[in-house]
> 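Would you mind keeping the following structure in view while I ask a few things?
Residue numbers start at 1 and run along the sequence shown. As the structure is a prediction and not an experimental result, all values here were calculated from the model.
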Amino acid sequence: MRALILLSALFFAASAAAQEWQAVERVEPYSVAGSTGLEIYQSIGARGPKLGVARVIAHTGFKLTWTRKYERQGNACTITVNRPKLIITYTLPKLKTKLSEPLKSRWDTFIAGVTAHEKVHGDFIRDMVKEIEAASVGMTVENDPNCQKIRPQLQAKLGELSQAQRTRSRDFDQVELNDGGNVHQLILHLVDPR
């Protein structure tokens with residue numbers, strides 16, 4: 001019985017630690033209109049979020065902040081607390097025009113597919129935050145009693161993980177947006193359903 005209580009307590013503690021943080025997801029819609037698939041797509045091209053000089057159909061952005069605690073342990077510095085606060089924002093088109101069939105079904109398929117694509121980017125961001133958390137909690141730098149050396153080392157690691165996430169997202173987009181890719185097919189089906 002005592003072993004069962006101990007196992008239950010360990011399970012509860014592990015599950016509480018695993019669920020300590022949750023990403024907040026938000027959708028920022030932008031309005032599009034049109035009475036044909038081509039008109040809707042042209043409206044997306046005119047109003048979609050800007051990335052650099054180009055406009056895109058949708059975008060996934062995030063804001064990430066941390067609550068960190070650096071503790072001196074002897075002559076070393078250790079990160080003992082590292083809790084993320086992650087807000088993921090999906091910028092997606094929202095149709096203001098009432099549609100009739102079959103265009104309504106084509107739009108529904110298009111926006112569901114674009115949303116699913118952006119959610120994958122959101123998953124990549126979550127994965128990055130988990131990797132940052134795993135790499136930094138317990139990170140220790142010797143001969144750093146004032147916790148000054150640990151910060152640049154942490155920043156270097158964060159830079160690597162951030163770059164890996166950007167590369168992963170870029171590679172995913174390249175597959176999805178190229179000729180024959182999923183998003184490319186969604187666009188073709190919306191504009192010309194032949």
Side-chain angles (χ1 to χ4, degrees), residues 6-7 9-30 47-93 114-178 181-184:
L6 180 61
L7 281 174
L10 288 173
F11 175 76
F12 179 74
S15 114
Q19 295 180 4
E20 229 173 79
W21 65 272
Q22 293 286 327
V24 174
E25 290 186 315
R26 298 180 347 175
V27 173
E28 281 186 4
Y30 67 93
R47 298 171 181 238
K50 264 190 154 182
L51 282 184
V53 295
R55 291 197 180 268
V56 295
I57 297 168
H59 179 259
T60 300
F62 68 96
K63 180 179 180 187
L64 175 60
T65 56
W66 294 89
T67 300
R68 285 196 183 100
K69 186 173 182 184
Y70 298 87
E71 282 188 16
R72 180 179 177 171
Q73 296 181 344
N75 202 31
C77 182
T78 300
I79 298 174
T80 57
V81 174
N82 197 38
R83 270 191 306 277
K85 180 178 180 188
L86 175 62
I87 301 170
I88 300 172
T89 303
Y90 303 105
T91 304
L92 297 164
V114 167
T115 301
H117 172 91
E118 294 305 318
K119 293 284 187 169
V120 171
H121 286 295
D123 289 342
F124 292 167
I125 293 165
R126 275 188 193 81
D127 290 346
M128 176 193 67
V129 172
K130 289 174 187 172
E131 288 171 11
I132 290 170
E133 191 176 32
S136 53
V137 172
M139 181 179 191
T140 300
V141 174
E142 296 298 329
N143 300 316
D144 190 18
N146 296 321
C147 292
Q148 298 299 314
K149 296 177 187 174
I150 197 169
R151 295 168 198 269
Q153 288 188 27
L154 176 63
Q155 290 305 314
K157 184 64 178 170
L158 301 185
E160 290 171 19
L161 294 171
S162 178
Q163 185 58 47
Q165 180 267 327
R166 283 195 293 273
T167 300
R168 189 177 180 199
S169 282
R170 203 170 27 250
D171 291 348
F172 174 67
D173 278 344
Q174 191 169 24
V175 170
E176 290 267 298
L177 298 171
N178 276 344
N182 186 47
V183 174
H184 182 244

> Could you give the distance from CD1 (I132) to CD (Q165), rounded to the nearest 0.5 Å?
9.0 Å
> Any idea which heavy atoms bring E25 and Y90 closest together, and the distance?
OE2-OH, 2.8 Å
> Between atom CD of E131 and atom OG of S162, what is the distance when rounded to the nearest 0.5 Å?
11.0 Å
> To the nearest 0.5 Å, what is the distance between CG (L92) and NE2 (H59)?
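Going from CG on L92 over to NE2 on H59, the span is 11.0 Å.
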> Which heavy atom in F62 sits nearest to a heavy atom in I125, and how many Å separate them?
CD2-CD1, 3.5 Å
> Please assess Q73 against T80 for the test side-chain contact (heavy atoms from CB on, under 4.5 Å), listing each intermediate value before the final yes or no.
CA-CA 10 Å; Q73 296 181 344; T80 57; 3.9 Å; yes
> Taking side chain as C-beta onward, heavy atoms only, is V129 less than 4.5 Å from W21?
yes
> Between H184 and L177, what is the shortest heavy-atom contact and its length?
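Heavy atoms of H184 and L177 come nearest at CB-O, 3.8 Å.
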> Find the distance between CD (E71) and OG1 (T78) and round it off to the nearest 0.5 Å.
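Spacing of CD (E71) from OG1 (T78) equals 8.0 Å.
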> Heavy-atom distance under 4.5 Å between the side chains of C77 and K149, does that happen here?
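Counting from C-beta outward, C77 and K149 never come under 4.5 Å.
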> With distance as the sole test, does T140 use its side chain to make a donor-acceptor pair with the main-chain N or O of G138 at under 3.5 Å?
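Looks like yes, one N/O pair under 3.5 Å.
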> Which heavy atom of C147 sits nearest a heavy atom of I150, and at what distance?
O-CG2, 4.0 Å
> Less than 4.5 Å apart, any side-chain heavy atom of D171 and any of T167?
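They are in side-chain contact.
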> Could you tell me if the side chain of L64 sits less than 4.5 Å from the side chain of W66, heavy atoms only?
yes
> Below 4.0 angstrom, N of the basic side chain to O of the carboxylate: do K157 and E160 qualify?
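Salt bridge between K157 and E160, a charged N being under 4.0 Å from a carboxylate O: yes.
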> Has the side chain of E118 got a donor or acceptor atom that lies under 3.5 Å from a matching backbone atom of T60?
yes
> Would you compute the distance between atom OG1 of T91 and atom CD1 of I57 and round it to the nearest 0.5 angstrom?
13.0 Å
> Got M128 and R168 here, is their nearest side-chain heavy-atom distance under 4.5 Å?
no
> Is any NZ, NE, NH1 or NH2 atom of the basic residue among D173 and R170 found under 4.0 Å from an Asp or Glu carboxylate oxygen of the other?
no
> Between L154 and Y70, what is the shortest heavy-atom contact and its length?
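Of all heavy-atom pairs spanning L154 and Y70, the closest is CD2-OH, 3.5 Å.
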> Compare every heavy atom of V183 with every heavy atom of H117, then report the nearest pair and how far apart it is.
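In terms of heavy atoms, the two residues are closest at ND1-CG2, 3.6 Å.
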> Is it the case that over 12 heavy atoms from other parts of the model lie below 6.0 angstrom from the CZ atom of R83?
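No, because the 6.0 Å sphere around CZ of R83 holds 12 heavy atoms or fewer from other groups.
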> Verify, without hydrogens or angle tests, whether R26 (side chain) and T89 (backbone) share a donor-acceptor contact under 3.5 angstrom.
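Flag not set: sc R26 to bb T89 has no pair under 3.5 Å.
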> If we only count heavy atoms from C-beta on, is the I88 to H121 side-chain gap below 4.5 Å?
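I88 does not reach H121 side chain to side chain.
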> Between OG1 of T115 and NZ of K119, what distance do you get to the nearest 0.5 Å?
7.5 Å
